[in-house]
S.K.: 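Below: one structure in structure tokens.
Below, each value reflects all heavy atoms present in this structure, side chains not excepted, and no hydrogens, waters or symmetry copies. Residue numbers start from 1 in every chain, and the chains themselves are labelled A, B, ... in the order their sequence lines are given, proteins ahead of strands.
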There are 2 protein chains.
Amino acid sequence: MSKRHVSLKDLARELNVSISTVSRALKDHPDISEEVRKKVKRLAAERNYSPNPLAMGLLKQATRMIGIIVPDLVTHFYSSIISGIESVAKEKGYFVVIASSNEKLEKEKESIANLLQARVEGLIICMSRETTNTEHLEQLLKADIPLVMFDRVCLTNQISAVIADNADASQKIVAHFYSKGYRRIAYVSGPDNLSISKERMAGYLTGLEACGLPIDAALIETCDLTFESAQAAMNRLLQLPIPPDAVFGINDTVAFGLMKAIKTAGLRIPHDMGVVGFTDEFHSTVVDPPLTSVTHPTFEMGQKTAELFFKRLHSAALSETVILETKLVERESSEKPQ
Amino acid sequence: MSKRHVSLKDLARELNVSISTVSRALKDHPDISEEVRKKVKRLAAERNYSPNPLAMGLLKQATRMIGIIVPDLVTHFYSSIISGIESVAKEKGYFVVIASSNEKLEKEKESIANLLQARVEGLIICMSRETTNTEHLEQLLKADIPLVMFDRVCLTNQISAVIADNADASQKIVAHFYSKGYRRIAYVSGPDNLSISKERMAGYLTGLEACGLPIDAALIETCDLTFESAQAAMNRLLQLPIPPDAVFGINDTVAFGLMKAIKTAGLRIPHDMGVVGFTDEFHSTVVDPPLTSVTHPTFEMGQKTAELFFKRLHSAALSETVILETKLVERESSEKPQ
DNA sequence: ATGAAAGCGCTAACAC
DNA sequence: GTGTTAGCGCTTTCAT
């Protein structure tokens, strides 16, 4: 277990100069003679010197780490957003430490504590589906810990956030169904505490109105975002006296659950039931039939989130909400045969 | 930007004792009087003291960080393995820093450099599909940097590794097809440099032999693991004078590509063509028809990998290979109607 | 039983 | 132009 990294001290000793001279030479301090600078830089390059981030962190009280907490790690949506965050973090010389709340409030709190203990400089959070109470987030605000949220957000007047234009997306879906000839359009939402639930619901309602369709409470279902609960919600819709002829779900997993339930009931998509989801490109094309869906600009969402984070990190605690446009990609699942 | 964390110094000042006394009291040093110990611990708890990991790292020359490099972050397989690694890392007070090679050799090298610069204590790597040359990994060995690999491994006589029993899995698939009545079984493999390609190929061949089926080179196709290249490979198989009646692909994405190409060609699964893949539970059930597939014990693979990592970290550089069993889950895609 | 001091790697204010 | 020193938070040896 030989000594793994060369330090300024090592270089200084070898060159018979002081540590500060080496330090200065490396950062092109004007006081240093050309000759020494060259000598130092050459040796540093040769020995593969790189400053010890721990020492720097200790000195500057900055770890250059950002903590990210997502509801889960196995959903493309989050992975892709994380990639976006990473891409700009890396540019700034930061790296990210990722934690998953597994959709549990307790785990979310625990992760916050862990990350703070690891001395991240701030947090980027997407709430778990259980997060009805935001006390733990308010505490972060009080402690003046940089915090930015995305997708499932809250307290947006105090916390910077990046979200998709969810209301608009839902409206687009309703309008799309309408244009394809579907008339009884159902929606399977998620837990009420989530901002995405509220926003997408709002868009659904204005969408119906815009098309001149009546609002029927029976066509509004809720699930807890799991595949199984989505299936169950769909089954309830199918058992209505007058079932819907189209349905859309709040996210990928839910959309797949809906499709499963519909097929299991022996109905055909898109003939008997049109389906639209909020999913990523890849999985929409993999399912059968290919799923018409609203795709989020996930990578860009991640980048924007990181940008807001750095803004917050370097300047005062003002909050800003960035809303990104979604795209409705038409595929077979909503192509009602005439 | 108030001072965010209390230090030993803060506690010491408030209690009018020395820093060392506080330090000792907190770790139950026998020399400390019961009275002082209690006093210190109470205040520490009250002030929510937690040792600064940067200072500890600097002192102990240990960051308690593990670097992980995976080919991509948006595949369930890797996410799940990462979760497994994290679960045991966390237990040991370590945390993981994740980097993606995006299947590129250059990015893999770059990530290694980045992570080392961030002073991870060691690396856990799954090779990119481009990694034909292992020099950069051998350099890690030479530098005595703890390294463990999983799934796509190499140099297993020097590097500890966790893999699935890939040969066995392929054999099971062939035997399964055979038992269902399929006789011309094709295989779409991945790049030759990957261990999983070789192992799964070997199993395919012994599997055919075990069933008394002839080996037909025309039924062996290769792709670069993308959805598109898998489709292309399947199309080549479909254009054979005598096309296969069953096919399996080396991973999820490939399996989905195969299905897509088969359906696009107007063939029915499982009637005209049986399909089996290596995928996770969730996506296998989402596609249509549900895909018979070999599932990896991904979470467990991650845990085992982490265990090997810590073994390597604490003791000498001996290498060990752990092979985990896979499970063939039968679904509709290989249920040939009689 | 407790305190002082050195040192982990680095920077910056202060000598000279 | 270069060296010395203090200090970031912590542990540990050596004094007392």
S.K.: Rounded to whole Å, please give me the gap between CG in N52(A) and C1' in dC8(D).
M.R.: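 Checked: the CG to C1' distance equals 13 Å.
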S.K.: Figure out the NZ/P separation between K9(B) and dA4(C), and round it to whole Å.
M.R.: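 Taking atom P of dA4(C) as the reference, NZ of K9(B) is at 13 Å.
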S.K.: Grab the CG-P distance between N16(B) and dA4(C) for me, whole Å please.
M.R.: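 Atom CG in N16(B) sits about 12 Å away from atom P in dA4(C).
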S.K.: If you only use heavy atoms from C-beta on, which nucleotide in dG7(D), dG7(C), dG1(D) is closest to the side chain of L59(B)?
M.R.: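 Nearest listed nucleotide: dG7(C).
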S.K.: Taking salt bridge (charged side-chain N to carboxylate O under 4.0 Å, His left out) as the definition, give me every residue that meets it alongside E138(A), ordered by chain and number, with sequence neighbours left out.
M.R.: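 Listed in chain order: nothing, the list is empty.
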S.K.: Tell me the salt bridge (charged side-chain N to carboxylate O under 4.0 Å, His left out) pairs involving residues 308-320 of chain B, sequence neighbours left out?
M.R.: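 Non-adjacent pairs meeting salt bridge (charged side-chain N to carboxylate O under 4.0 Å, His left out): D144(B)-R312(B), K311(B)-E320(B).
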S.K.: Rounded off to whole Å, could you give me the NZ-to-C1' distance for the K38(A) and dG1(D) pair?
M.R.: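 Nearest whole value for this atom pair: 17 Å.
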S.K.: Y49(B) OH to dG9(D) C1': how many Å, rounded?
M.R.: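 Answer to the nearest Å: 7 Å.
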S.K.: Less than 3.5 Å apart, which donor and acceptor atoms pair up between the side chains of residues 298-306 of chain B and the rest of the protein, not counting sequence neighbours?
M.R.:
| residue | atom | partner | partner atom | Å |
| --- | --- | --- | --- | --- |
| T298(B) | OG1 | S80(B) | OG | 2.6 |
| K304(B) | NZ | E307(B) | OE1 | 3.3 |
| T305(B) | OG1 | M301(B) | O | 2.6 |

S.K.: Do S111(A) side-chain atoms and K107(A) backbone N/O form a donor-acceptor pair below 3.5 Å?
M.R.: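 Checking the backbone N and O of K107(A) against the side chain of S111(A), a donor-acceptor pair under 3.5 Å is found.
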S.K.: If you measure from the Lys or Arg side-chain nitrogens to the Asp or Glu carboxylate oxygens, is any gap between R24(B) and D31(B) under 4.0 Å?
M.R.: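 Looking at R24(B) and D31(B), the cut-off is not met.
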S.K.: Nearest to the side chain of V36(A) - dC8(D), dC8(C), dT2(D)?
M.R.: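 Among the listed nucleotides, the one closest to the side chain of V36(A) is dT2(D).
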S.K.: Enumerate the residues from residues 18-32 of chain A whose closest heavy atom to DNA chain C is under 4.0 Å, giving them by residue number; use none for an empty result.
M.R.: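 By residue number: I19(A), S20(A), S23(A), R24(A), K27(A).
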S.K.: If I take atom CZ in residue R119(B) and atom C1' in nucleotide dC10(C), what distance separates them, rounded to the nearest angstrom?
M.R.: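 Whole-Å distance recorded here is 12 Å.
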S.K.: By salt bridge (charged side-chain N to carboxylate O under 4.0 Å, His left out), which residues pair with E46(B), not counting sequence neighbours?
M.R.: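 By the salt bridge (charged side-chain N to carboxylate O under 4.0 Å, His left out) rule, E46(B) matches no residue at all.
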S.K.: Please give, in whole Å, the distance from dC10(D) C1' to D10(B) CG?
M.R.: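 Nearest whole value for this atom pair: 13 Å.
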S.K.: What pairs meet the salt bridge (charged side-chain N to carboxylate O under 4.0 Å, His left out) rule with one or both residues in residues 79-90 of chain B, with sequence neighbours excluded?
M.R.: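 Counting only pairs at least two positions apart or across chains, the salt bridge (charged side-chain N to carboxylate O under 4.0 Å, His left out) contacts touching residues 79-90 of chain B are E110(A)-K90(B).
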S.K.: Want to settle it: does L8(B) or E35(A) sit nearer the 5' end of DNA chain D, counting the closest nucleotide to each?
M.R.: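 The 5'-side residue here is E35(A).
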S.K.: Whole angstroms only, please: what is the CG-C1' distance between L58(B) and dC10(C)?
M.R.: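 Value for this atom pair: 9 Å.
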